[in-house]
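As structure tokens, the structure follows; a few thoughts come after it.
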Amino acid sequence: MDWENGSVRPVVLAALGQKYRRYRLADPPAEEAMAGSLRRWGQLSPVVACLRDQQLELLDGFKRWTAAQQLAGLTSLSVRVLTVDERAAKAAILGLNHGQRATRELEEAWIVQALVRDDGLTQVEAAHLLGRHKSWVCRRLALLEKLSAAVTEDLRLGLLGPALARQLVRLPVGNQEAVLAVTRRETLTAQEVSGVIELLQGAGEAQAAFVLAQPRAALAQARGLPTPLRDPRLSGAGNWLARQLAQVLEAMTRLENWLRTPAERELQARDREIVQPLLLRVGDEARLVAELALGPAVSSERGRP
């Protein structure tokens, strides 16, 4: 579709509606930069609008409209008016930005959802209208309809990237927020997040709890995936200590899992008697390490029942 067609005329700011603004994310820094550009050079290209119920509604140029509000004396903008139906108006929001600043994935998802759910297009029809493949439409729709409300809100606010959101789509809604919390707490890599999601799929309650509590230990047991060489939050000494503790925890987890299996029944009373001093020493050494690392007051507080 040729988005350059349509008459151009000046329109007062108050006459330009914001109905379609809900399909675009706010960008305050870009709006501030646009205000500076308008102040220095004036309006270099027209904004684009269409007529809906005797009201001109902006399709493209929301930053210019917002920036113009900040400038004293600027009461109108040059507007290109397109004659399009409702479906083509939504497609225009993407088409008018083609080759310029790429629309963000969430903005694309909002438009796809509106075309499919509000305007009644099939996914194939929406793909044809937008000049995209059906799989592209399906992925955008999933970003909104297969994510929990809380995760979707984080995506809208920019607290969550589309790449991680696409990973979370693979999980039931009830598990998405837990995995997102673990990802942030442990600063998991993209590879680790993918592995955690695979482990959770089909996992029992106890297995899922272990994966969420110790994701790297669970990945190491399941696939032997290497842990990150460096945690950016820690100093050099902190990274060395974290690696040593992670190795100890992995060993202890293997022991715990083994003792919970039928193999534990093979232990004899004599075995338990002999290994008891070793187990007591492990506990003593763990408390000593905690005291040296955290300080006597912290470690004693942690050790209280």
Side-chain angles (χ1 to χ4, degrees), residues 22-30 93-94 97 101-117 123 126-127 130 132-205 207-234 239 242-243 246 250:
R22 64 181 181 270
Y23 301 119
R24 302 305 301 270
L25 288 164
D27 191 347
I93 296 172
L94 298 185
N97 283 275
R101 182 190 71 82
T103 50
R104 298 174 217 180
E105 204 160 340
L106 183 58
E107 295 173 326
E108 296 168 346
W110 281 332
I111 291 172
V112 167
Q113 185 184 54
L115 288 170
V116 174
R117 303 306 178 205
Q123 292 188 31
L130 298 174
R132 300 284 188 164
H133 192 272
K134 179 180 178 294
S135 62
W136 182 92
V137 168
C138 185
R139 288 195 301 272
R140 296 307 182 275
L141 203 56
L143 269 182
L144 295 178
E145 301 190 346
K146 293 187 178 180
L147 290 174
S148 73
V151 174
T152 301
E153 181 64 8
D154 279 1
L155 182 63
R156 186 185 69 81
L157 295 174
L159 302 176
L160 170 67
L164 179 54
R166 284 195 297 271
Q167 294 268 33
L168 295 176
V169 163
R170 298 161 54 195
L171 288 170
V173 169
N175 291 343
Q176 292 171 3
E177 292 174 41
V179 171
L180 181 58
V182 169
T183 300
R184 290 168 172 167
R185 185 189 75 222
E186 304 290 340
T187 60
L188 299 179
T189 66
Q191 181 190 28
E192 288 171 332
V193 172
S194 180
V196 165
I197 290 173
E198 288 178 6
L199 291 180
L200 287 174
Q201 290 173 329
E205 185 176 345
Q207 292 171 316
F210 170 63
V211 171
L212 293 174
Q214 301 183 54
R216 290 193 173 99
L219 289 170
Q221 284 186 36
R223 300 182 177 181
L225 291 178
T227 58
L229 296 177
R230 184 179 183 278
D231 188 328
R233 301 170 300 172
L234 298 174
N239 269 289
R243 284 195 298 271
E250 289 176 13

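Only a predicted model underlies this, so the values are computations on that prediction, with no experimental measurement involved.
For the pair Leu144/Val112, no side-chain contact is recorded, criterion being any heavy-atom separation below 4.5 Å from C-beta on. The closest side-chain heavy-atom distance from Trp110 to Leu25 is below 4.5 Å. A 4.5 Å side-chain heavy-atom check between Arg140 and Ile111 finds every atom pair outside the cut-off. A 4.5 Å side-chain heavy-atom check between Leu106 and Leu143 finds every atom pair outside the cut-off. Counting heavy atoms from C-beta on, the side chains of Val182 and Val196 never come closer than 4.5 Å. Contact annotation: the side chain of Glu186 never approaches that of Glu192 to less than 4.5 Å [non-hydrogen atoms, C-beta and beyond]. Side chains of Leu188 and Arg216 form a contact here, defined as non-hydrogen atoms less than 4.5 Å apart.
The shortest non-hydrogen separation linking Ser148 to Val173 is CB-CG1, 3.4 Å. What you find for Leu147 and Ala165 is that their closest heavy atoms are CD2-O, 3.7 Å. Taking both residues in full, the closest heavy atoms of Ala203 and Ala208 are given as CB-N, 4.1 Å, listed atom of the first, atom of the second, then distance. Contact detail for Ala190 and Gln167: the closest heavy-atom pair is O-NE2, 3.7 Å. The shortest heavy-atom contact between Glu108 and Arg132 is OE2-NH2, 4.3 Å.
Rounding to the nearest 0.5 Å gives a distance of 11.5 Å between CD of Gln123 and CH2 of Trp136. Leu180 contributes atom CG, which lies 12.5 Å from atom CG of Asn175 (distance to the nearest 0.5 angstrom).
Listed by chain and number, the residues in a side chain to side chain donor-acceptor pair (under 3.5 Å) with Gln113 are Glu145 (sequence neighbours excluded).
When each of Val211, Leu168, Val151 is tested with Val179 by the rule side chain to side chain contact (heavy atoms under 4.5 Å, CB included), just one qualifies, namely Leu168.
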_Pair Arg117, Leu141 - check side-chain contact (heavy atoms from CB on, under 4.5 Å), show working._
CA-CA 10 Å; Arg117 303 306 178 205; Leu141 203 56; 3.5 Å; yes

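Each salt bridge (charged side-chain N to carboxylate O under 4.0 Å, His left out) pair with one or both residues in residues 171-185, not counting sequence neighbours, appears once here: Asp154-Arg184.
Distance alone, capped at 3.5 Å, is enough to place a donor-acceptor pair between the Gln176 side chain and the Leu171 backbone.
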